Structures are given as C-alpha cells and as structure tokens.
Trainee: 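I am attaching a structure below and will ask some questions about it afterwards.
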Amino acid sequence: MDNITQKLMQKSESTKKDSLGRAVSLAALSLIVIVVISIFAFVMSRGLSTFFHDGVHVKDFLFGSTWNPSVVNPQTKQPYIGALPMIFGSFLVTFLAAIVATPFAIGTSLFMTEIAQKRGTKIMQPIIELLVGIPSVVYGFIGLTVVVPFIRSVFGGSGFGILSGTIVLFVMVLPTITSMTVDTLKSVPRHYRESALAIGATRWQMIYKVVLRAATPGILTAIVFGMARAFGEALAVQMVIGNAALMPHNLTSPASTLTSILTMGIGNTVMGSLQNDVLWTLAMILLLMSLVFNLVVRAIGRRGEMK
Amino acid sequence: MVNNIELKPASEFITENMPERYIYDLSAGDHEIAISTKDLQVSYGQNLALSEGDLSFERYKITSLIGASGSGKSTFLRSLNRMNDSVATVKGNIMYRGVDINTKAIDVYEMRRHIGMVFQRPNPFAKSIYNNITFALTQRGQYTKQELDEIVETSLKQAALWDQVKDELDKSALALSGGQAQRLVIARALALKPDILLLDEPSSALDPISSAQVEDTLLKLKDQYTIIIVTHNMQQAARISDYTAFFHMGKVIEYDLTRKIFTRPKVALTNDYISGNFG
Amino acid sequence: MNAKRADKIATGVIYAISGIVALILIAMLAFILIRGVPNLSWHFLTSPARAFEAGGGIGIQLFNSFYLLILAMIISFPIALGAAIYLNEYSKKGKFTTVVRTAIEILSSLPSVVVGLFGFLIFVVQFHLGFSILSGAIALTFFNLPLLTRSIETSLAQIPNLQREAGSALGLSRWETVIHIILPAAVPSIVTGVVLSAGRVFGEAAALIYTAGQSAPALNFADWNPFNISSPLNPMRPAETLAVHIWKINSEGIMPDANAVSAGASAVLIIVVLLFNLSARKIGAQLYKKLTSA
Amino acid sequence: MSKSHRGTIIITIVAVSIAAALGTAYATRDKSTSGTSITAVGSTALQPFVEAAGEEYAKINLGTFVNVQGGGTGTGLSQVSQGAVDLGNSDVFAEEKEGINAKRLVDHQVAVVGIAPLLNKDIGLKDLSTAQLQAIFTGKVTNWQQIGGKNKKIVIINRAAGSGTRATFEKWGLLGKQSIEAQEQDSSGMVRSIVATTPGAISYAAFGYIDDTIVAASVNHVSPLNKNVASGMYPIWSYEHVYTKGKPTPTVAKFLNYLTSKEIQSTLVPKLGYISIHDMQVTRELNGNIIKK
C-alpha cells in the first residue's frame with residue numbers, strides 16, 4: 001500500500017473535526033430541548049398540584065366563574081377557584097385582536113408584495129420591524145395614556161376592558177402576522193401571477209383568485225402565530241384590561257386574562273400554598289395553549305402540503 | 001490536440017445484427033487504469049437511478065459521459081467521489097489505487113482530495129480569489145506564504161485565469177464573471193493536486209466563449225490529470241475527450257474510444273442518440 | 001368595467017390600510033418622543049434614579065440594560081448558533097427534528113412571564129444566584145434562544161447548496177464547510193438577526209422583574225473589579241433595567257416627577273431600539289457589500 | 001503558519017489573559033465589602049424605604065451592603081422563612097398570610113402606614129362612614145346618589161388580592177368584609193391615576209399617594225392625617241413589618257436598629273409618607289386590640 005492508500009484508510013483530521021462539531025452542535029440543540037422540557041415539567045408539576053395536592057376538581061377550575069382563591073366557599077368547603085373568567089378573557093382578546101389585525105396584515109402584505117414592491121420594502125418593511133421591536137412596556141404605557149382615556153370618553157365606563165386590550169394587542173400582533181404573510185405571498189410562484197394576468201385578469205382578480213388562494217395555508221399559519229403571541233402577552237394587557245376576574249358582560253367592562261392575573265398575584269402569594277398553586281395552574285394553561293397553537297400550525301402546514 | 005471528428009448522419013451505419021451493449025475492455029491493452037467501478041447501483045429511496053455501471057477510466061485521458069437527461073450519467077459521476085452518499089444508497093465497488101473506496105473504512109474527506117469535482121454552476125466561496133484557492137489547503141497542512149503564493153499562481157495558470165486576475169487576488173471571488181468563476185473553481189480543485197478531476201457539465205451554464213476557454217483549460221490539464229466529464233454537448237465530447245461512455249435509462253450502453261463512438265457506433269441506440277434522434 | 005372598478009377600489013383599500021399601519025407607528029413614535037425627549041438631558045442619562053425625590057435619572061438602569069444584554073448575548077449566541085447549525089446542516093427530516101422544532105416553537109411562544117417565574121424559582125431561589133444580573137441573563141437567554149436560533153437557521157438556509165457541494169468536493173468535512181464557508185457567507189444576515197433580537201431583549205421586562213430584580217443599587221463606576229459588590233461588572237448584583245424601571249415607575253413610582261421620568265425613559269428605550277434596528281440594516285448591508293465587492 | 005493555528009493561538013492568548021485578569025481582580029477584590037451584605041426581599045410598598053435607608057446605612061457603615069428587592073409580601077415571607085434572605089418585608093402580620101409558619105419568624109415593626117379611601121373629585125363626597133364603605137365595597141349601593149353624592153355609578157377599583165394595602169383596607173375599613181370582585185390594579189400609583197380620571201371611581205391607597213388629583217375622604221369624620229393615625233382616632237392603618245428568621249444576627253440587628261432609629265424615623269419615614277413608630281400613641285396587636293401607650 002502506498003502512502004495515499006494508507007491515508008485513505010485512516011480517519012482524517014476533517015473527520016475528527018466533523019465528529020466533534022457535530023457533537024458540539026447537537027449538544028447545543030439538546031440544551032435547548034432540555035430547557036424546554038424542564039420548563040414544561042416544572043410548570044406542569046406546580047400547576048397539577050392544584051388538582052392532586054390541594055384536591056381541586058378540574059371541572060370547578062375550568063368552568064367555575066368565581067375567582068377568589070383566598071376565600072373558602074362555605075357550601076363546598078372549597079376555595080373559589082373558577083378560572084373561566086380569565087380563560088374566557090384570554091380567548092376573547094386573542095380572537096378579537098386577530099380578527100382586527102388580519103385584514104390590516106393582509107392589506108399591508110399585499111401592498112408590500114403585489115402593489116408597490118419598491119416602496120413596500122423601503123417604507124413598510126422597516127415600519128413592520130420597528131413595530132416588532134417596540135417593547136411591550138411601551139405598548140402598555142401608550143395603551144394606558146392614550147387608548148384607555150379614548151375608550152373612556154367614547155364609550156363611558158372606566159375605559160379599562162376587553163376593547164382596550166384588543167386595541168393594544170392588535171398593534172402588537174400586527175407585525176407578526178404581517179411579516180409572516182409577506183413571506184408566504186413571496187413564496188407564491190411568479191408564473192401563477194403571470195398566467196393569471198396573461199388571460200386578462202385584473203390585478204385584483206389575480207390577487208384575489210390566485211395569490212391569496214395559493215397563500216391561504218401560510219396566512220392561516222401567520223394568524224395562529226399572531227394569536228399565540230397575543231395569548232401570552234402579559235405586561236401590556238395587564239396595564240389596560242382592568243384585571244377584574246369577572247365574566248366580561250360587555251367589551252368596555254373590566255376583565256382579565258390568564259397572564260394578567262398571573263403576573264399580579266404571583267408576588268403576593270406564598271410558595272406551596274393553594275393561592276400560589278392555582279396561579280401556576282394558570283401558567284400551565286398558557287403553556288398548553290402554546291402547544292395547541294403549535295399543533296394547529298403544524299396541522300395547517302400538512303393540509304397545505306396535501307393540496 | 002483537439003480531435004477533429006466530423007459528426008456524420010449515422011443512419012447509414014445501422015445494420016441488422018448490432019449488439020445491445022458494447023463496453024470497450026480497457027484492461028486488455030496496455031492502459032493504466034485510474035479508477036474503475038464494478039456493479040455500481042445507485043438508488044434514491046425506491047427509485048433505481050443507476051444499475052450495471054461497470055466502467056474503467058484510463059489515466060491521463062479525458063473521458064466524456066454523454067446521454068439524455070435522467071440517463072444516470074451525473075449520478076454515476078457524483079458516485080465516484082461519493083457526493084451522493086447523503087442523498088442516495090450507493091452499492092457496488094469503486095476501485096481506486098487498489099482499494100474499494102465505496103466502503104465505510106475509507107475516509108471520504110481524504111478521498112475527495114484526490115478525486116476532485118467541479119459542478120455545473122460556478123460556485124466560488126464568498127472569499128477573495130486568493131483565499132478561494134488556498135482555503136482547503138490551509139485546512140489540512142502547514143504552508144508558508146511563499147508556498148501558497150506559488151500554488152495560487154500555478155493553479156491559476158493551469159486554469160488559464162492568471163493573467164486576468166493576477167493583480168486583484170484580494171478581490172472577492174463573487175465579483176468574477178461566470179467563465180472566470182468556473183475557471184477559478186477549476187483552479188481551486190487543482191490546487192489540491194488531485195489525481196482525478198470529475199466535471200459535471202462544467203460549461204453548460206456558460207456562454208460560448210467562456211465555454212471554449214474551459215475546454216482549452218481541460219485539454220491543457222490532460223497530461224497531469226485524469227479527467228471525467230459529463231456533458232450534454234456532443235460537439236464538446238467529440239472535441240476534447242479520448243473516451244466516451246453513452247448512458248441510457250440508468251445503464252451504460254456503449255463505451256469506446258471517442259473517435260469510434262462518433263464515427264462508427266456499435267450499438268443502434270448510441271447511433272440514434274448522437275445523430276439526434278432523441279435526447 | 002366591473003372588474004376594473006373592483007381592481008381600483010381594492011387598490012385604494014390596500015393603500016389606505018398600509019397608510020393606516022404606517023400612521024399608527026408614526027403616531028406612536030411621535031407620542032413617545034414628543035413626551036419624552038424634552039425630559040432628556042445629560043444629567044438624566046447619567047445620574048442614578050431617586051426613589052422618592054424629583055430629579056432622578058436612569059444612568060444605572062441604562063448601564064444595566066446594556067450589560068445584561070451583552071451577557072445574555074454571550075450566553076445565548078453560541079447555543080443558538082450550535083443548535084441552528086445542527087438543525088440546518090446535520091439533522092435529517094424525522095421525528096426527532098419535528099419534536100425539537102416544536103420544542104423551540106413552544107419556547108418562543110411561551111409567555112415571558114412564565115420564563116421569568118421559572119428563572120426566579122430555579123436560579124434565584126434554588127441555585128441561590130439571588131436577584132442578580134446572572135439570573136436575569138439566563139432568563140433572557142431562555143427568552144432569546146428560540147428567536148435567535150430561528151433567525152440564524154434562516155440565514156444558513158439562504159446560502160445555496162452549491163456552496164456546501166463545493167466544500168465537500170474539496171475534501172472538506174461538513175463541519176469545516178459550515179464553519180469556514182457557510183457561516184462567513186451568512187454573516188451579514190446573521191448579524192442583522194442578532195441585532196434585531198438584541199432590540200427585543202433590550203426591551204424585555206416581564207422575564208426580568210423576578211430574576212434581575214427591581215432595584216438598582218448605586219454603582220461605583222471607578223471600580224471595575226467584577227468581584228466587588230458595587231462594581232458595575234459584578235454579575236451577582238441586582239440590576240433593574242430600563243424596561244423594568246419604566247414598568248416600576250408606572251406602577252409604584254412615588255417620586256413627584258414620575259411621569260416625566262417614565263416618559264423620558266420610554267423615549268430612551270425607543271431610541272435605543274430604533275438605533276438597533278437601523279444599525280442592523282446598515283451593518284448587514286455593509287457586510288454584504290464587503291463580501292461581494294472588490 | 002496556517003490561519004487556523006493563528007486562530008488557536010489568539011484564542012489561547014485571549015483566554016489566558018481573561019483568566020489572569022479575573023485572577024488578579026479576585027485577588028485584589030475589596031475584601032471588606034464582600035463579606036457583609038444584607039438581603040431584603042418582599043413588599044413593593046416597603047421597598048423604597050428599606051432601599052433608601054440601606055443606602056444611607058452603607059454610607060456610614062462602609063463595607064456593609066444592603067440589597068433590597070421587591071417581589072411582593074408573599075415572596076418576602078416565604079423567602080425569609082426558608083432562610084434564603086436575611087429580611088422579609090411585609091405589609092401584614094406573618095400570621096395573616098396563609099402558608100407561612102409565623103412561629104419561626106421575628107417581627108420588627110419599622111413604620112406605620114395609614115390608608116385613605118380615594119374618591120374621584122366629581123363624586124361630591126368628602127366623608128364616608130365605615131358602614132358606607134362596607135355598603136359600597138360589598139355592592140349594596142351602586143350609585144353615589146344613594147349615599148348623598150352625585151348621580152354617578154360607583155366604580156370600584158381594588159388592589160390585587162393578597163396585597164397588603166387591600167388586606168388592611170378590608171380589615172379596618174370594611175371591618176373584615178371582603179370586597180366584591182371588581183377591577184384590580186397591582187399598584188398604588190396606577191390606582192390613583194385611575195381614580196383621578198374615572199368618573200365615580202373609588203379606591204384606597206397609602207397616605208403617601210394622596211395628592212390634589214383625587215379626594216382623600218375622611219372616615220367616620222376623621223381626616224386621613226398622620227396625627228390622627230398616631231392618636232388612634234383614624235382606623236385604617238397598619239404596621240410595616242420586617243421579619244427575620246429567628247433572632248437576627250448582629251449585623252442584621254444593627255441595621256434593624258438603624259431603621260427604627262430617631263434619625264431615620266424623623267427624616268426618611270415622613271418623606272416616604274409613612275408614620276414614625278415613635279409618634280404612635282397607641283399600639284395595636286395582631287388580634288386588633290388597641291392599647292394606649
């Protein structure tokens with residue numbers, strides 16, 4: 001065997017480096033997975049102890065509408081731990097914000113990809129990125145000083161409530177939905193557009209009948225991602241929603257979300273007590289919801305692929 | 001030394017009792033074999049892309065692989081230095097320097113330094129011209145600045161690019177034109193002093209002038225390198241190669257001296273292809 | 001001419017919508033800046049905060065924000081880079097990858113409050129790190145990892161496969177190819193992604209309230225020994241950041257000029273985030289130019 | 001020399017110099033300060049006071065560092081009973097907090113805080129009886145007209161459940177009754193600005209938050225003034241507590257003494273809107289018994 005053949009049969013330095021690099025990058029990835037799993041396990045164990053350790057019924061928790069964990073209901077001997085108002089509040093602001101934001105997001109993305117590509121990327125792209133960058137504290141601050149007084153003067157009441165929360169969240173999820181929609185629209189092949197225009201469709205017909213149809217799964221994904229963000233937002237919502245653990249009877253009465261009750265209460269309760277455990281159960285619901293949102297995104301993705 | 005073969009309308013050669021396959025046996029004569037394959041089979045998932053790939057390649061010669069799209073010629077070429085490993089299953093033996101390089105025991109990275117490859121689209125790194133050439137070397141060895149300078153100069157000269165870029169070696173390679181970039185890529189491969197150079201349609205993405213430059217380069221390299229080239233362009237195959245293999249539907253149909261294939265093919269299918277009846 | 005009219009109306013509507021979105025941003029920026037900028041002064045930017053008297057500044061908070069950001073980036077960037085490399089260069093499609101991607105997505109849609117509370121109970125309480133910059137940096141890392149990983153992965157995916165083939169054809173291992181060829185080529189867009197995510201980290205408050213703490217003890221800016229408790233570099237000291245400070249003033253502030261401080265701090269926060277955004281574009285474009293030009 | 005080797009060498013040099021720098025820094029660290037740091041966690045209402053006092057304390061006791069964090073009364077009490085921190089700041093008696101074993105904790109009362117009902121200016125009332133407060137917060141009356149104010153709906157704004165201010169207000173202002181579920185805010189500053197801008201709003205906050213944007217109502221004809229709390233006339237007030245686990249160590253005890261010293265109690269305490277414990281002419285026990293000094 002000559003020198004080269006011998007070298008061929010040995011592990012080269014490249015191979016060694018490659019194994020090392022592979023191991024290192026896999027370790028980094030595993031670290032992230034471990035973090036996620038430990039957060040998950042931690043929140044779950046805390047959150048579930050409400051049911052196992054404190055003996056609360058899941059049904060009472062999910063469907064009860066009175067929230068006052070420090071007071072015991074004299075009839076059932078159980079504290080008032082109905083989380084329905086918060087769950088309902090969270091879903092309501094999330095859906096409303098998504099409903100309001102979607103037309104704006106689609107319109108803006110169409111502007112950027114179909115109508116005015118040059119100006120779109122030059123002006124709207126930075127605007128969208130800036131909206132992402134604005135900290136949620138600042139959104140809350142604006143909500144408190146602008147949105148709440150505005151709602152109050154128009155609709156009366158205190159100004160705090162679902163409506164204010166929706167408006168603040170609308171602006172916060174708008175960039176998420178928009179930038180993802182832009183990506184989807186950009187991925188619609190050019191020849192779809194060209195063939196539509198070639199058979200005499202107007203630009204709007206082309207957009208409406210071809211581009212938006214083709215991009216529907218992507219747009220849905222974008223909306224779900226936006227909703228996931230809205231669902232988990234804490235500080236800004238907490239500042240404007242009023243934080244009353246009551247079923248909202250109209251859009252301008254104070255309401256609450258899972259996050260707002262969680263942030264407010266966590267410092268005032270004692271670790272290991274029922275009052276503290278139920279808050280972790282709220283956190284667990286938040287976590288499970290973000291899992292659900294992800295599964296929905298995946299399901300949409302699969303259906304989009306099958307088409 | 002360009003072959004001067006005239007491509008003739010070949011229908012006149014078709015006779016009744018032509019064989020279905022003809023493989024020129026290199027081992028019979030006084031030929032030095034650089035690399036050869038036996039029972040090579042490549043499959044992508046369930047799809048068999050190449051079967052019965054048995055070929056030997058003579059040292060310091062240019063061999064062209066021709067055939068229609070999807071005939072398996074590129075698959076065959078890319079299997080020779082195991083570029084298909086990550087996407088396909090490759091079975092069979094590839095003999096190089098007396099060892100089968102298609103086994104786990106072989107260090108692919110080392111092997112590829114001896115069997116280099118150039119692709120269809122020029123793919124220079126986002127580095128300077130100089131670093132494009134020296135980069136792979138410095139990854140695995142100690143060189144002085146002087147040695148590196150020399151290697152850069154020789155390989156650029158071999159690739160016929162030196163005169164055009166010698167004053168701007170620090171320029172980003174991404175700024176080169178298509179033909180220049182492809183020759184830089186060839187120079188980059190040559191810098192490693194490989195035995196064998198595999199080229200996968202190296203000039204199909206280039207304009208005719210750049211394409212001719214690349215051909216010139218290859219002809220000049222012949223005395224030091226074994227070259228195997230996949231091409232769609234039959235004139236190109238005829239002009240530069242010593243041997244030609246014709247692929248069809250994942251099989252080698254005919255393998256012979258270029259001169260013979262283009263003037264008097266032994267298989268009817270080959271004849272159809274080179275006379276433009278399909279493909 | 002119905003279709004033509006519909007086309008005109010739709011175009012008009014799309015213009016209007018984009019206009020409104022632009023207007024919202026401009027109005028918000030104007031609101032924050034007009035209220036805040038008059039309160040800015042050198043004194044405000046450099047002097048420590050005051051709990052119950054007028055005339056406090058945000059100097060320490062500003063320093064803390066940057067220090068925390070840098071630490072968080074130092075921790076999270078290598079991890080995110082490694083994870084992104086594995087996901088984009090090594091992993092094959094399969095169950096494992098799906099699970100990992102889902103995990104990363106979940107981490108990214110996790111409410112930052114939950115991240116903060118987790119950090120509080122694990123690092124502050126369990127590991128006895130206390131309310132400290134280190135705890136805060138770890139919490140921020142959790143918050144930042146998924147964003148950064150995704151952005152780096154996208155940057156890597158944008159580099160054409162031709163480059164990877166070129167590397168392997170030269171006998172370079174996958175790792176060498178990634179480190180020396182793919183990464184350098186992806187640097188412009190990675191840098192843009194990193195700076196953008198830095199902007200988000202800079203403004204994060206919820207994850208820090210229970211980890212880095214809500215107090216900003218006086219610092220001795222002449223003492224740079226990281227083992228001294230009043231040194232700005234000490235990673236074990238509590239550190240209120242700018243975003244947390246705004247949150248605290250809005251809720252508990254009893255200084256007479258709380259409104260002015262809050263407006264000023266918000267303006268500073270926005271200006272910094274703006275700078276991050278602008279520089280991200282500038283740096284990215286510049287690097288790209290350098291890479292491709294003469 | 002090849003590039004990668006140069007890289008390795010540079011990295012080694014950098015690593016070594018960082019290690020050396022850290023080593024030097026560790027060796028030359030200011031040993032006098034690192035040993036004695038007092039950590040206090042808990043009530044956000046008490047945080048500014050302990051923090052400010054801690055800074056003053058550090059100035060005269062060089063080398064002692066007081067580290068004060070918020071986190072809430074619940075956090076403070078659970079942390080101090082676990083021994084994780086030196087001091088737990090609380091707005092309530094530890095016995096009143098569920099889940100805390102108060103027996104192991106030692107109470108140090110460092111200030112008194114009075115809490116006043118805050119009313120929106122347009123309501124037209126300046127005095128409320130405890131009976132009226134009860135009626136309002138339990139939802140028996142829903143319009144200010146019913147108790148002599150203007151025709152405006154009553155808007156209740158509570159502090160977060162579990163906050164010390166709310167607990168005190170419910171115990172002494174509502175005489176132990178719970179407020180009905182209503183809008184909650186987790187800070188006094190927020191409560192004040194909402195009351196100021198919302199017609200018909202009522203809430204409550206410490207005296208320190210009283211300003212001219214709202215009306216601080218008198219309770220049973222006693223104005224919410226420090227002297228009325230000190231004399232025991234004004235009913236809604238509570239102690240601010242700093243808890244230690246068991247007997248405080250000498251270092252901690254010294255700081256606690258400083259907190260209750262004449263100097264701090266006469267300067268910092270009134271500045272922050274608290275009432276000095278030395279001014280109190282009465283003491284109140286956990287069970288509510290009031291004893292004249």
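Each chain gets a letter, A, B and so on, in the order its sequence line appears, and its residues count up from 1. Atoms considered below: every heavy atom in the structure, side chains included; atoms not considered: hydrogens, waters and symmetry mates. Remember, predicted model here, so these are calculated numbers, not experimental data.
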Trainee: Take Trp204(A) and Thr11(C) through the test side-chain contact (heavy atoms from CB on, under 4.5 Å) and record every step on the way to the result.
Mentor: CA-CA 7 Å; Trp204(A) 174 243; Thr11(C) 311; 5.7 Å; no
Trainee: Please name the pair of heavy atoms, one in Val240(A) and one in Gly143(A), separated by the smallest distance, quoted to 0.1 Å.
Mentor: CG1-C, 3.6 Å
Trainee: Ile177(A) vs Phe225(A), test: side-chain contact (heavy atoms from CB on, under 4.5 Å). Steps then yes/no.
Mentor: CA-CA 7 Å; Ile177(A) 305 183; Phe225(A) 265 110; over 6 Å; no
Trainee: Which of residues 285-295 of chain A get closer than 4.5 angstrom to chain C, counting heavy atoms alone?
Mentor: Leu286(A), Leu287(A), Ser290(A), Leu291(A), Asn294(A)
Trainee: For each of Leu144(A), Leu131(A), Val33(A), tally heavy-atom pairs with chain C at distances under 4.5 Å, and name the one with the top tally.
Mentor: Leu131(A)
Trainee: Show your reasoning for whether side-chain contact (heavy atoms from CB on, under 4.5 Å) applies to Asp18(A) and Tyr90(C).
Mentor: CA-CA 10 Å; Asp18(A) 191 47; Tyr90(C) 284 109; 2.7 Å; yes
Trainee: Taking Glu114(A) first and then Lys186(A), would you say they form a salt bridge - that is, a charged N and a carboxylate O separated by under 4.0 Å?
Mentor: no
Trainee: At their closest point, which heavy atom of Ile270(C) faces which heavy atom of Pro135(A), and how far apart are they?
Mentor: CD1-CD, 4.4 Å
Trainee: In terms of heavy-atom proximity below 4.5 Å to chain C, should Leu31(A) be classed as side chain, backbone, both, or neither?
Mentor: side chain
Trainee: Between Phe40(A) and chain C, with a heavy-atom cut-off of 4.5 Å, which part of the residue counts as in contact: side chain, backbone, both or neither?
Mentor: side chain
Trainee: How about Phe42(A) and Trp280(A): are their ring centres within less than 6.0 Å of each other?
Mentor: yes
Trainee: Taking side chain as everything from C-beta outward and backbone as N, CA, C, O, which of these in Met239(A) sits under 4.5 Å from a heavy atom of chain C? Side chain, backbone, both or neither.
Mentor: side chain
Trainee: Taking Val138(A), Leu258(A), Ile207(A) one by one, which has the highest count of heavy-atom pairs under 4.5 Å against chain C?
Mentor: Val138(A)
Trainee: Would you say the rings of Tyr210(C) and Phe131(C) are close, in the sense that their centroids are separated by under 6.0 Å?
Mentor: no
Trainee: Side chain, backbone, both or neither: which part of Ile122(C) has a heavy atom under 4.5 Å from chain A?
Mentor: side chain
Trainee: First locate atom NZ of Lys16(A), then atom CG of Leu20(A), and finally report the distance between them rounded to the nearest 0.5 Å.
Mentor: 11.5 Å
Trainee: I need the residue from Ala27(A), Ser38(A), Ser30(A), Ser19(A) with the largest number of non-hydrogen atom pairs under 4.5 Å to chain C.
Mentor: Ser38(A)
Trainee: Kindly give the heavy-atom pair with the smallest separation between Thr141(C) and Ser76(C), and that separation in Å.
Mentor: CG2-CB, 3.6 Å
Trainee: With a 4.5 angstrom heavy-atom cut-off, is it the side chain or the backbone of Arg281(C) that approaches chain A, or both, or neither?
Mentor: side chain
Trainee: Shorter than 4.5 Å, heavy atoms on both sides: which option in Lys8(C), Glu89(C), Arg35(C) has the most such pairs with chain A?
Mentor: Arg35(C)
Trainee: Tell me, for Ala116(A) versus chain C, whether the close heavy atoms (under 4.5 Å) come from the side chain, the backbone, both or neither.
Mentor: side chain
Trainee: Report the C-alpha distance between Phe96(C) and Ser91(C) in whole Å, list the side-chain angles of each, state the deciding distance to 0.1 Å, and finish with yes or no for side-chain contact (heavy atoms from CB on, under 4.5 Å).
Mentor: CA-CA 9 Å; Phe96(C) 174 74; Ser91(C) 76; 5.7 Å; no
Trainee: Could you tell me which of Leu269(C), Leu117(C), Leu29(C) has the largest number of non-hydrogen atom pairs under 4.5 Å with chain A?
Mentor: Leu117(C)
Trainee: Which pair of heavy atoms, one from Val171(A) and one from Pro175(A), lies closest together, and at what distance?
Mentor: O-CD, 3.1 Å
Trainee: Rounded to the nearest 0.5 Å, what separation is found between the OG atom of Ser179(A) and the CE atom of Met112(A)?
Mentor: 8.5 Å
Trainee: Is it the backbone or the side chain of Thr149(C) that comes under 4.5 Å from a heavy atom of chain A, or both, or neither?
Mentor: side chain
Trainee: For the candidates Val24(A), Leu26(A), Leu235(A), Thr108(A), which exhibits the highest count of non-hydrogen atom pairs separated by less than 4.5 Å from chain C?
Mentor: Leu26(A)
Trainee: Of all of Ala83(C), Gly203(C), Ala10(C), which one pairs up most often with chain A through heavy atoms under 4.5 Å apart?
Mentor: Ala83(C)
Trainee: If you tally heavy-atom pairs under 4.5 Å against chain A, which of Phe31(C), Trp175(C), Tyr15(C) wins?
Mentor: Trp175(C)
Trainee: Any chance you could measure Arg229(A), atom CZ, to Leu174(A), atom CG, to the nearest 0.5 Å?
Mentor: 10.5 Å
Trainee: Between Thr177(C), Ile26(C), Thr102(C), Leu107(C), who has the most heavy-atom pairs with chain A when the cutoff is under 4.5 Å?
Mentor: Thr102(C)
Trainee: What pair of heavy atoms forms the shortest contact from Gly171(C) to Ser14(A), and how long is it?
Mentor: O-OG, 3.8 Å
Trainee: Only pairs of heavy atoms separated by less than 4.5 Å count here; which of Gly107(A), Ala228(A), Ser136(A), Ala234(A) has the most with chain C?
Mentor: Gly107(A)
Trainee: Can you find a heavy atom in the side chain of Glu129(A) that is under 4.5 Å from one in the side chain of Gln125(A)?
Mentor: yes
Trainee: Side chain from CB out, backbone as N, CA, C, O: work out which of these in Glu105(C) comes under 4.5 Å of a heavy atom of chain A, or both, or neither.
Mentor: both
Trainee: Look at Glu176(C) together with Lys17(A) and state whether they make a salt bridge at an N to O cut-off of under 4.0 Å.
Mentor: yes
Trainee: Can you tell which part of Pro126(A) gets under 4.5 Å to a heavy atom of chain C, answering side chain, backbone, both or neither?
Mentor: both
Trainee: Between Phe142(C), Phe276(C), Tyr86(C), which residue shows the highest count of heavy-atom pairs closer than 4.5 Å to chain A?
Mentor: Tyr86(C)
Trainee: Can you give me the closest heavy-atom contact between Ala139(C) and Val115(C), atom names plus distance?
Mentor: O-CG1, 3.6 Å
Trainee: Select one option (side chain, backbone, both, neither) describing which atoms of Ile115(A) are under 4.5 Å from chain C's heavy atoms.
Mentor: side chain
Trainee: Please flag which part of Tyr208(A) lies under 4.5 Å from any non-hydrogen atom of chain C: side chain, backbone, both or neither.
Mentor: neither
Trainee: Counting only heavy atoms closer than 4.5 Å, note whether Ile79(C) contacts chain A via side chain, backbone, both or neither.
Mentor: both
Trainee: With chain C, which of Ile128(A), Leu110(A), Ile127(A) has the greatest number of heavy-atom pairs at distances under 4.5 Å?
Mentor: Ile127(A)
